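Computed from a prediction, not measured in an experiment: that's the story for all the values here.
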Amino acid sequence: MEHVQQTDLPRPFPRHLLSLLRSFSTSGLLVGFLFFAVSLTPSLIPRPYLIQAVISGFSLAAGYAIGVFLRWLWSFFELPEPTVRRARTLKIAAAIVSIAAAAVFLWQAAGWQNTVRHLMGLESIESAEPLRIGLVAGLLFVALVFLARLFRLTFRVLSRWLQYFLTRPIANALGGLIALALFWSVANGVIFKFALRAADSSFQQLDALIDPDIAPPVDPAKTGSDASLLNWDELGRQGRQFIASGPTGAEIGAFFGGAAPDPVRVYVGLNSAETAQDRAKLALEELKRAGGFERKSLFIVVPTGTGWIDPAALDTLEYLLHGDVASVAVQYSYLTSWLSLLVEPGYGSEVANALFDEIYGYWTTLPKDRRPKLYLHGLSLGAMNSQGSVDLFDVISDPFQGALWSGPPFQSALWLSVTANRVPDSPAWLPRYRDSSIIRFTNQENSLEIPGARWGAMRIVYLQYASDPVTFFDPRSFYREPDWMKAPRGPDVSPALSWFPVVTGLQLLADMALATTSPIGYGHVYAPEHYIDSWMAVTDPKGVTAADVGRLKAEFKGKF
């Protein structure tokens with residue numbers, strides 16, 4: 001009796017483990033490991049191992065689900081089934097092939113990541129942490145399978161209960177709908193909304209922090225001073241940084257060897273007024289007070305989601321225009337742009353529209369020979385909202401002079417239309433639009449001088465990098481190859497990047513979250529020298545020579 005107990009006690013655990021392994025679908029594991037392996041190939045942005053593991057875990061789960069669905073289709077159409085012995089052999093063979101493929105691809109992952117890193121001037125990595133990737137991806141896969149089985153159990157319980165009152169087909173259909181609604185409400189209400197609220201709250205607290213090193217301005221012309229219409233504490237962290245930074249007239253004058261005025265900067269924080277219209281009106285009145293309409297050039301700037309305005313763009317602009325420039329911006333959010341794009345892409349459109357209407361409406365009442373030249377600017381979500389703030393047909397009778405939109409997000413309506421209707425032989429990452437008299441595109445290599453093309457009365461430039469996932473993410477990349485991946489490719493896109501259904505979409509989603517981790521001049525981090533080339537084309541500043549441009553690029557190189 002004692003001997004039986006000793007031999008039987010250890011058996012239940014292996015039996016349960018074996019039963020668990022048998023519960024997995026052979027076709028699901030085969031397709032899942034194929035997706036896992038492909039997920040290790042490069043995309044647009046270099047990835048740390050933890051992000052790679054998350055991508056691989058989701059890819060494994062997505063492939064497993066597709067494999068299970070294919071197996072269900074096989075049974076549904078009553079195709080020939082293998083014998084039990086053959087099925088066991090196929091499962092063993094599938095496991096060996098899958099594990100071998102995963103091991104080979106894990107071994108090559110570092111080399112693939114290095115193809116992206118080399119393009120961006122980063123040092124090579126020796127290892128992609130294959131064991132950690134495999135472990136985290138496996139745990140995430142198990143968790144996702146558990147959720148899927150929990151959904152199946154919920155569906156079965158609901159449908160069986162409903163069969164007491166309804167026919168079986170109706171009970172199954174209704175049970176499925178209720179289960180879907182239940183899981184979606186939990187995901188949307190508890191996870192997404194809670195995460196969004198938590199992110200918004202944390203960014204709000206960060207925005208409210210007052211840097212002790214940044215004192216309120218004493219110059220009465222500056223926003224936030226005692227003479228200003230706006231309270232310094234209500235500008236927000238990004239607003240205070242924007243007002244306190246930037247070149248002075250003395251610095252600009254010293255660079256060019258002459259006198260220059262201090263640039264005018266106006267910023268209205270999210271807490272400065274209750275509504276978008278009120279904040280826009282405040283911006284107009286503060287701009288008038290600060291003398292913004294007395295400058296030669298005026299820029300309506302739409303910030304990113306957090307309220308940030310890229311100094312690489314504005315500082316270089318103020319130098320090129322010899323300080324005789326004013327800029328005005330209104331904050332609309334605390335959230336990062338990529339999160340706003342995925343959760344609430346309409347963030348900021350109301351504020352951008354109100355600001356443009358107020359500034360442009362007043363600008364058109366001024367005498368044409370005494371008003372400043374008017375331009376628009378925005379980066380990332382700011383670029384999308386800036387584009388959406390104006391209908392070109394509404395301003396055609398009295399147009400503004402131009403716009404520079406950098407890193408336009410993939411949902412930007414005007415950008416999408418122009419890119420879709422580009423000249424056929426131009427690539428999607430660097431389109432040519434019609435005769436290039438109004439809209440031109442550029443990247444790291446200045447592409448704004450187009451032979452035979454002449455600028456019209458309005459100059460619009462899109463500055464975009466082919467490696468920027470915020471611009472080139474496409475929801476359709478889950479099921480079809482995007483145009484920007486086709487030859488010829490952008491200079492900063494890895495030749496090892498290949499399209500694969502579902503997996504590429506997951507990779508690009510992760511790239512969006514990592515877009516600002518790239519080196520400057522790649523991804524979603526725009527370099528001052530590329531802004532300088534773009535501003536030269538948009539504003540055509542007088543008295544700025546090629547030598548001045550070279551000196552200015554050298555001045556700003558490595559500054560941000």
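Put simply, the side chain of Trp308 reaches to within 4.5 Å of the side chain of Leu379, judged on heavy atoms. Residues Glu81 and Ser75 are in side-chain contact: their nearest non-hydrogen atoms beyond the backbone lie under 4.5 Å apart. Side chains of Pro431 and Val418 form no contact here, defined as non-hydrogen atoms less than 4.5 Å apart. For the pair Val116/Trp112, no side-chain contact is recorded, criterion being any heavy-atom separation below 4.5 Å from C-beta on. Side-chain contact between His377 and Ser406 is present, with heavy atoms from C-beta onward closer than 4.5 Å. For the pair Trp74 and Leu70, the minimum side-chain heavy-atom distance is 4.5 Å or more. Side chains of Val142 and Val145 form no contact here, defined as non-hydrogen atoms less than 4.5 Å apart. Gln108 is not listed as a side-chain neighbour of Leu40, based on a closest heavy-atom distance of 4.5 Å or more.
Surrounding CD of Glu449 are at most 12 heavy atoms belonging to other residues, nucleotides or ligands under 6.0 Å away. Remark: Phe146 CZ is loosely packed, at most 12 non-hydrogen atoms of other residues, nucleotides or ligands lying under 6.0 Å away. Sparse packing is recorded around CZ of Phe58, with 12 or fewer heavy atoms of other residues, nucleotides or ligands lying under 6.0 Å away. For Lys557, the NZ atom counts as loosely surrounded, since its 6.0 Å shell holds 12 or fewer non-hydrogen atoms of other residues, nucleotides or ligands.
Checking side-chain atoms of Arg71 against main-chain N and O of Gly67 turns up no donor-acceptor pair under 3.5 Å. Put simply, the side chain of Gln52 gets close to the backbone of Ser39: a donor and an acceptor are under 3.5 Å apart. The backbone N or O of Pro42 lies less than 3.5 Å from no partner atom in the side chain of Gln113, so there is not a single donor-acceptor pair. Checking side-chain atoms of Glu350 against main-chain N and O of Ala276 turns up no donor-acceptor pair under 3.5 Å. A donor-acceptor pair is defined here as one N or O able to donate and one able to accept, closer than 3.5 Å; such a pair exists between the side chain of Asp492 and the backbone of Ser467. Side chain of Ser417 to backbone of Leu414: no donor-acceptor contact under 3.5 angstrom is found. The closest donor-acceptor contact from the side chain of Gln331 to the backbone of Gly269 lies at 3.5 Å or more, if one exists at all. Put simply, the side chain of Arg47 never gets that close to the backbone of Ala510: no donor and acceptor are under 3.5 Å apart. Looking at Thr504, its side chain never comes within 3.5 Å of a backbone N or O of Pro501 through a donor-acceptor pair. Gln464 contributes no side-chain N or O that, together with a main-chain N or O of Pro408, makes up a donor-acceptor pair within less than 3.5 Å.
Nearest heavy atoms, Ser386 versus Leu376: OG-CB, 3.7 Å. Taking both residues in full, the closest heavy atoms of Ala62 and Val502 are given as CB-CG1, 3.8 Å, listed atom of the first, atom of the second, then distance. Closest approach of Arg422 and Ser426 over heavy atoms only: NE-O, 3.0 Å. Smallest separation of non-hydrogen atoms from Val525 and Ala515: CG2-O, 4.1 Å. For the pair Ile45 and Ser518, the tightest heavy-atom approach, listed with the atom from each and the gap, is CD1-CB, 4.2 Å. The shortest non-hydrogen separation linking Ala61 to Leu144 is CB-CD1, 3.5 Å.
The side chain to side chain contact (heavy atoms under 4.5 Å, CB included) with Leu404 is formed by just one residue from the set Leu317, Ile460, Leu463; it is Leu463.
Rounded to the nearest 0.5 Å, atoms CZ (Phe155) and CG (Leu174) are 10.5 Å apart. Residue Asp483 holds its CG atom at 10.0 Å from OG1 of Thr419, rounded to the nearest 0.5 Å. From Arg440, atom CZ reaches atom CG of Asp435 across 9.0 Å, with rounding to the nearest 0.5 Å. Rounding to the nearest 0.5 Å places OH of Tyr267 at 5.5 Å from CD1 of Ile309. Atom OH of Tyr522 is separated from atom CZ of Arg117 by 13.0 Å, given to the nearest 0.5 angstrom. Expressed to the nearest 0.5 Å, how far CD1 of Ile532 lies from OG1 of Thr316 amounts to 5.5 Å.
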May I have the step-by-step check of side-chain contact (heavy atoms from CB on, under 4.5 Å) for Phe500 and Thr41, ending in yes or no?
-> CA-CA 10 Å; Phe500 196 85; Thr41 60; over 6 Å; no

Would you sort out whether Ser494 and Arg489 count as a side-chain contact (heavy atoms from CB on, under 4.5 Å), showing the intermediate values?
-> CA-CA 9 Å; Ser494 170; Arg489 286 186 175 177; 5.8 Å; no

Start with the C-alpha gap between Ser389 and Leu355, add the side-chain angles, then the distance that decides, and say whether side-chain contact (heavy atoms from CB on, under 4.5 Å) holds.
-> CA-CA 8 Å; Ser389 70; Leu355 180 62; over 6 Å; no

Passes side-chain contact (heavy atoms from CB on, under 4.5 Å), Asp468 versus Leu44? Steps please.
-> CA-CA 7 Å; Asp468 187 350; Leu44 293 178; over 6 Å; no

Check the pair His530 / Thr442 against side chain to side chain donor-acceptor pair (under 3.5 Å), numbers first and verdict last.
-> CA-CA 9 Å; His530 305 145; Thr442 190; over 6 Å; no

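For Phe472 and Tyr465, the distance between ring centers is not under 6.0 angstrom. Checked against a 6.0 Å centroid threshold, the rings of Tyr433 and Phe441 do not count as neighbours.
Taking the six-membered ring where the residue is Trp, Trp535 and Phe299 present perpendicular rings, their angle passing 60° and hence far from 30°. Ring orientation note: the planes of Trp72 and Phe69 are close to parallel, at an angle under 30° on the 30°/60° scale. Below 30°, between 30° and 60°, or above 60°: for Tyr462 and Trp405 the angle between ring planes is between 30° and 60°, a tilted geometry.
Under the 3.5 Å distance criterion, with hydrogens and angles disregarded, no donor-acceptor pair is assigned to the side chains of Tyr531 and Asp315.
In terms of the ring pair (Phe, Tyr, Trp, His ring centres under 6.0 Å) criterion, Phe478 has no residue partners (sequence neighbours excluded).
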